[in-house]
Every structure is written in C-alpha cells, then in structure tokens.
Amino acid sequence: MNLKGELETRISEALAEAGAPPGSGALIARSNKPQFGHYQANGCMAAAKALKINPRELARKVLDNLDLSDIAEPLEIAGPGFINIRISRQWLAQRLTEVESDPKLGIATPETPQTVVVDYSAPNLAKEMHVGHLRSTIIGDALVRVLDFIGHKVIRQNHVGDWGTQFGMLIAYMKDLLQDDPEGFQAEAELGDLEEFYRKAKQRFDADEAFADTAREEVVRLQSGDPATLDAWRGFREISLRHCSDVYRRLGVLLEDGDVYGESEFNDDLSNVVEDLRAAGILEESRGAQCVFLDEFRGKGEDDADVPLIVQKSDGGYLYATTDLAGIRYRQDQLRADRILYVTDSRQGMHFTQVFGVARLAGFARGELMLEHVPFGMMLGKDHRPFKTRTGGTIKLTDLLTEAEQRAFDLVSGKTPDVDEARRREIAAIVGIGAVKYADLSQNRGSDYVFSWDKMLSLDGNTAPYMQYAYARVKSIFRKADMDESQAVGEIVLTEAAETNLAVKLAQLPETIQAVAVECLPNLLCSYLFELAGAFMTFYEACPVLKADAPAARTSRLMLCLLTARTIKTGLGMLGIDTLEQM
RNA sequence: GCGCCCGUAGCUCAGUUGGAUAGAGCAGCGGUCUUCUAAACCGCAGGUCACAGGUUCGAGUCCUGUCGGGCGUGCCA
C-alpha cells in the first residue's frame, strides 16, 4: 500500500466534502521537521484562496469530514493552514507485520499493468563499448528492474547501431586484412580490440582515397543485400555483440541477446515510413531531402530558418529519425506498448521532440501511447571536461570495470587482509561494480556527473559500499544470534522514537518506488535507501536488539532488522546492485 | 541569432505538483570501540540559493530581464 497515496486520496475527498473546488489536491508532502509530523497536507491554503475563506477554517472543516484514526494520531492544524499528520504506531506495527510476509514488501501490483518498452544502452557496434554507454545502460537497467518489480510488463530493447556507413569502412578493412592473411590470424588479433580495429579502419579511410571509395562501395553492396557483404557484416556484428554481452554480464545488467533489436531490423520498413508520411500529406522536399516541418520548429534554426526532421537524405539514404519513426510503429503495433522510454543523453532532446511530434502528427502513435525521452547528463572527469583517458582517448568500459574491481580489491584487502584472496576478489567485484552503478544512479540523471573513484568507493556517505555495509551489518545480528531469519516472527511493538522513525521509513518503500517509476528517477530510490540506512543506524545505536530487556522487544526489533535488510537488499536489487551477507 | 538545460556551503550534489527555520556527503574541528561489524555512530562549524525586478498568504522552485556556463541548431547517431 502506498501510504502517501492513501493520505492523498482520503484527504482530497475530505477537502471536496468541505466545499473545496473540484480537483483540489490534498498536496501531501513528507514533513521536513519532526515537530510537523511525518506528513503534511498543504492543499488547504490553495483551496481556501479559491474560495476566498480563511485557510485554517477550511482545514477545520476538512478535519470534521475526515477520519484518519486508523492510520494516524489526531491531526493538527498548524501555521497558516497546514494539516500535520503523525502516523500511528499501531498502524505502522500492523502494516509492517503484513509486509513481513509479502515478497513484494507491500508494493501492490497495478490494477492495469502497462506494457513498457525501455530503449537503452544502444551501443554503436562499430566500436567497443566505452564510458559513453555506461549511463544509458545503468539507468535503463534500473528502470527496467523497478517497472518489472512493480508488476508492469517490461520489454527491453537494445537498439544497437548495427547499420550505416561506418560498416562499409570496417568491412573493407577486414577484407583487406583477410586478403593479406587468408588464415585470418591478423584479423582475429585485431578484432580482439575493437576500438583499435575501428581506429585503424578510420585512419585508413581518412588517408587512402582508394580505400575510402571501396568502403563506400561496401555500403552500397551491403544495402543492396549482396550476400558476401552481408556475410561479412553478420560476422562483424556477431563479434561485436559478443563483446557487448561480455560487458553486460560483467556489469550485471539484464540485457540479453534476445533484447537486441538494432537499426538493421528496420531496413525494410524505412521506405514505407517515408511513403506514409507522404500519404499523410506532411512530407516536403527541401534541398533535395525529404523532410517534415513541424510548426513548433518554424524559425527555430540558424538565421531563423525552419528546422526540418529529415527522414531521407538527398542521396536517398535514411537516417536515425526514420528508424526511430519505424521503431515507434513497431513498438506500438507489434510489441503493444503503452509507454516507451528512451534512455539517451540529453543532447538528443530536440531530436526526440521532433520524432515524437511527427509520430503524433502522422498518426504513427495513438494518443494514449506515452512517449518519453529519459535524458541524462554527461560523464565528466575531475577537470569537468568530458571523461577521457590522460591522453584524451576514449575510456573502454571493460577497462573502467577492471579498474573499479582493482580499486575495490585494494580497499577490501586493506580492511580485511586476513580473508583469503579469492574471497576478496569476489567481494571486490560486487563492491566495485556496485560503486560504479550507485555513483551514477544516486545522482539526478539530468545533471552532468563528475566521475570520482574516491567518492564512489568511499565508505561514508551515500555510496554503494556504505549501503552494502549497512546491509551486512544488519545481517550480522542474525549470525550473531545464530538464528535463522524465519525465526523472527511475532508482533512488532514500537516504543522508542528510533523504532518509530525506522518503521515510518520502512513503510515508505511503495510510494518511493512509485515515484521512481513515474518520474524515471532512480536517485529517489538511492536517497530513500540512504535515509533508511541512517534511520537503521540510529536505531541500532539506540536500541539493543539481542540484548533487549524483554523477549517481546527482542522479537519486535529482530523483525525490524529483518525488514530493513530485506528492504535494502530489494532496493539495491532494483538498482541492479548486489549485496553481501558478510563484508 | 534562436532553442533547451544549468548556476544552491570550500568540493560533489539533493531539494517532489510553489509550503513552515534550504538538506546530505566529502573536506575541517571535537567526541564515541572491555558492550549486536569503528567499512560505523554522535556533535560543531559552514548559505545575500549567480544578479535585479515581478507574481502571492508563501518563491531555491513560477514569470521577465541581465551576467556566467553547457549542449543543440538540415542531410552523423
């Protein structure tokens, strides 16, 4: 049950009964000061203004129409017309007892689950995965897990760049290598480092005019379906995808081969897209290219020019706008999507505004289909410049992960040198990868993000190691007591303030998850978990568990510990981060 | 030129549809291990929310302008 949502519903009803204008919301917010209770309703001021009456009087009438005695302590009117709400210990205790036996920790499945397509990661297969793919992959993975946990039907779509001019270059270069070396030893060796392979091909392309021509011919051959060229393309694509899988596995994201649905899949449909736009009467030829001009982009270009969405180049080639339009139709009609999320960097904002606009205008997207760009900022280095190697090169994802694990290993070795190395390696992998992910997810995705090893691997603050430690610390209580978690059954009784505060936090998981799903903001979950850990630490310091005065208190506190552990593990799990039973 | 985003503590960042005295973490200072993991906890200090107007019961949040920064702005994705 969504506590905040329940309060919103019930107080909004009371507000309506008290004579507030239709649509007046209770405007429930978490209170930022303990003396104001756990929640506060801010809606009376706005409604009273519309009615031209005293807000406190309206609040009084609202209370007359409201019975929250099952959930809350007697309500209080404060300040200009706030209603302060303190959740009752009885309700919390009862609620948490219910949650204790629920695998979904109180998160209700929606009445009408949606089919949500999440488009993320989408590396260009011409190159090896690098840090530029990290945020999309991590954020998308977290959103997928959250939506899935809630009970929506989630369809992952890895819209890889497996088609386009860069492949001509690569195929030409590969053919060259095979010519000089029919056994393919050199080609194989060079393919071990895709980034290098691409770099060499590109170098050759730029320097050698004849080679460039060959490369362009390969593109034409590829697009016209020449079998030999297609074979080469398939081989290259396969190697590249295998490399991606390796990275995904290491990173621990859900993406699988079956989720790959790349640009090449839409090839046959691109001419249809253009023709359908023409049939819809919105296609215009401009400077030899086929374009759609949206009203809202008139005069928005350089020198007040109209900005087109180009769907076919003057040479007849198609662009990613065309593919994205085809993708919308495919996802709506074939995948039956209710909502499509595009997890890409914020620089593509205008592109998606245009594509969504054209899709609506052309009738490709029905009105109820939710099309959302989920933008994120850039990854920056310490110098606040785009994150690069010292020499200015691109940082490969595999190298980044290796360094994360190595740094975590050094850290673990420093803390627990007596643990054997193999085990330290295992811990380091979980802590290191978790740190990279959590550092990214804990920040509001919209802002650019300054990458810092020291910060993400810090043991203090809102970091993965801290959260993982908090989890291990809770679990240690059960180990210490030499008891199984299943033995922690009984009644939850909240007496100490630290217990109540912890209980309130525990009861706030559903509303937090809901907000993450609606806003596509994983950092809300990170903040929540960090606050939960803080509430637990305070409880842990203030309330002896195993040495509690009475058996009933001991049982109750053990249940709070268990719920805390499960909530942290589940929450981190929804972020794609593993936990350790012992650190 | 135009469009979008941003400017919050020394640093890195939160801040929900406008709500009460703007919050964390790092760094700094000071306390806590014979007591459930000190990879921790507690406390102190740190702010003209870039600037100037405006809207209103109330503005970090909305509007206008200025300054500063990032990104985008027709045949790459």
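Side chains are part of it too, since the values below use all heavy atoms of this structure and drop only hydrogens, waters and symmetry mates. Proteins come first, then strands; the chains are lettered A, B, ... in the order of their sequence lines, and each starts at number 1.
- A/Q290 comes within 4.0 angstrom of nothing in the nucleic acid, heavy atoms only.
- Annotation: of the two residues near RNA chain B, A/G299 and A/H351, the 5′-most nearest-nucleotide partner is A/G299.
- A/D315 comes within contact range of no nucleotide atom at all, as no heavy-atom separation falls under 4.0 Å.
- Counting any heavy atom pair closer than 4.0 Å across all strands shown, A/V450 reaches sugar-phosphate atoms only and no base atom.
- Taking side-chain N and O atoms only, A/H384 has no distance below 4.0 Å to OP1 or OP2 of B/rG69.
- For the C1' atoms, the distance linking B/rU55 with B/rC62 amounts to 8 Å, nearest Å.
- Contact check, A/S452 against B/rC11: no side-chain N or O comes under 4.0 Å of OP1 or OP2.
- At the phosphate of B/rA38, OP1 or OP2 sits under 4.0 Å from a side-chain N or O atom of A/R473.
- For A/M483 and B/rC36, the CE to C1' distance is 13 Å, given to the nearest whole Å.
- Comparing A/S476 and A/A289 by the nucleotide of RNA chain B that holds the closest heavy atom to each, the one mapping nearer the 5' end is A/S476.
- A gap of 39 Å separates the P atoms of B/rC26 and B/rU64, to the nearest Å.
- Residue A/N523 places none of its side-chain N or O atoms closer than 4.0 Å to OP1 or OP2 of B/rA14.
- Within 4.0 Å (heavy atoms only), A/G301 reaches at least one base atom of the nucleic acid.
- Among the heavy atoms of the strands lying under 4.0 Å from A/L27 is at least one base atom, whether or not backbone atoms are also near.
- Here A/D460 lies in heavy-atom contact (under 4.0 Å) with sugar-phosphate atoms only.
- Taking the ring centre of A/F409 as origin, the terminal cationic atom of A/R425 falls inside the region bounded by 6.0 Å and 45° from the ring axis.
- In terms of polar N and O atoms assigned as donor or acceptor, the side chain of A/R287 comes within less than 3.5 Å of the base of B/rG74 in a complementary pairing.
- Nucleotide B/rG15 holds its C1' atom 14 Å from the CD atom of A/E519, rounded to whole Å.
- In this structure, the side chain of A/E13 does not engage the main chain of A/R10 through any donor-acceptor pair within 3.5 Å.
- Evaluation of atom-type donor-acceptor distances gives no pair under 3.5 Å for the side chain of A/T463 against the base of B/rG25.
- Looking only at side-chain heavy atoms (C-beta outward), A/Q348 and A/P375 stay at 4.5 Å or farther from each other.
- Donor-acceptor pairing under 3.5 Å is recorded for the side chains of A/S264 and A/D162.
- Comparing the same atom, C1', in B/rC67 and in B/rG31 gives a spacing of 45 Å after rounding to whole Å.
- Between A/N32 and B/rA20 there is a side-chain polar atom (N or O) within less than 4.0 angstrom of OP1 or OP2.
- Looking at the side chain of A/E302, the nearest of the listed nucleotides B/rA14, B/rC75, B/rG74 is B/rG74.
- Among the nucleotides B/rC42, B/rA77, B/rC36, the one closest to any side-chain atom of A/L319 is B/rA77.
- For the C1' atoms, the distance from B/rC36 to B/rG30 is 27 Å, rounded to whole Å.
- Surrounding NZ of A/K475 are more than 12 heavy atoms belonging to other residues, nucleotides or ligands, all under 6.0 Å away.
- Going from the C1' atom of B/rC29 to that of B/rG19 covers 35 Å, rounded to whole Å.
- Side-chain N/O atoms of A/S527 include none lying less than 4.0 angstrom from OP1 or OP2 on B/rG15.
- Side-chain proximity of A/N444 to the nucleotides B/rA14, B/rA20, B/rG19 is greatest for B/rA14.
- Only the P atoms considered, B/rU12 is 15 Å distant from B/rA27, to the nearest whole Å.
- Nearest to the side chain of A/I310, among B/rU37, B/rG74, B/rU35, sits B/rG74.
- Stacking between A/F82 and B/rG19 is absent: the aromatic ring centre is not both under 5.5 angstrom from the base six-membered ring centre and within 30 degrees in plane angle.
- Among the nucleotides B/rA39, B/rG74, B/rC2, the one closest to any side-chain atom of A/D304 is B/rC2.
- Residue A/K475 has no polar side-chain atom (N or O) positioned under 4.0 Å from OP1 or OP2 of B/rU37.
- When side chains are defined from C-beta on, A/L143 does not count as touching A/Y120, because their heavy atoms never get closer than 4.5 Å.
- One atom, CZ of A/F293, and another, C1' of B/rG74, lie 8 Å apart when rounded to the nearest Å.
- Between A/K49 and B/rG58, a side-chain N or O to OP1/OP2 separation shorter than 4.0 Å is absent.
- Between B/rC42 and B/rA24, the two C1' atoms lie 16 Å apart (nearest whole Å).
- A/R237 has no carboxylate O lying under 4.0 Å from a charged side-chain N of A/E263, or vice versa, which leaves the two without a salt bridge.
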Please tabulate, one pair per line, all N/O donor-acceptor pairs under 3.5 Å involving side-chain atoms of residues 20-33 of chain A, not counting sequence neighbours.
{"from": "A/S24", "atom 1": "OG", "to": "A/P21", "atom 2": "O", "distance (Å)": "2.6"}
{"from": "A/R30", "atom 1": "NE", "to": "A/E511", "atom 2": "OE2", "distance (Å)": "3.2"}
{"from": "A/R30", "atom 1": "NH2", "to": "A/E511", "atom 2": "OE2", "distance (Å)": "3.1"}
{"from": "A/R30", "atom 1": "NH2", "to": "A/T512", "atom 2": "OG1", "distance (Å)": "3.2"}
{"from": "A/S31", "atom 1": "OG", "to": "A/F36", "atom 2": "O", "distance (Å)": "3.2"}
{"from": "A/S31", "atom 1": "OG", "to": "A/Y39", "atom 2": "O", "distance (Å)": "3.3"}
{"from": "A/S31", "atom 1": "OG", "to": "A/Q40", "atom 2": "OE1", "distance (Å)": "3.2"}

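- At the heavy-atom level, A/A78 lies under 4.0 Å from base atoms of the strands shown.
- Counting non-hydrogen atoms under 4.0 angstrom, A/T323 reaches nothing in the nucleic acid.
- Annotation: B/rU21 and B/rU17 have their C1' atoms spaced 23 Å apart (nearest Å).
- Following rounding to the nearest Å, A/F36 (CZ) and B/rA22 (P) show an atom-to-atom distance of 11 Å.
- Contact check, A/Y466 against B/rC41: a side-chain N or O comes under 4.0 Å of OP1 or OP2.
- Checking B/rC71, B/rC75, B/rG19 against every side-chain atom of A/N42, the shortest atom distance belongs to B/rG19.
- The side chain of A/P80 sits closest to B/rG19 out of B/rG19, B/rG72, B/rA39.
- One interatomic measurement links the two molecules: CE of A/M537 to C1' of B/rC33, which rounds to 15 Å at whole-angstrom precision.
- Rounded to an integer number of Å, the gap from CZ of A/R385 to C1' of B/rG70 is 10 Å.
- With B/rA77, B/rU37, B/rC2 as the candidates, the nucleotide lying closest to the side chain of A/K300 is B/rC2.
- When the nucleotides B/rU73, B/rG3, B/rG74 are ranked by their closest atom to the side chain of A/V307, B/rU73 comes out on top.
- Between the side chains of A/H351 and A/Y320, at least one donor-acceptor pair of N or O atoms lies under 3.5 Å.
- Residue ring and nucleobase are not stacked for A/F530 and B/rA24 under a centre distance beneath 5.5 angstrom and an angle between planes beneath 30°.
- For B/rC26, the base adopts the anti conformation, since its glycosidic angle falls more than 90 degrees from zero.
- Taking the ring pair (Phe, Tyr, Trp, His ring centres under 6.0 Å) definition, one finds that A/F451 meets it with A/F387, A/W453, sequence neighbours left out.
- Within 3.5 Å, a donor on the side chain of A/N84 pairs with an acceptor on the base of B/rA20, or the reverse.
- In this structure, of B/rU37, B/rC75, B/rG19, it is B/rC75 that holds the atom nearest to the side chain of A/S314.
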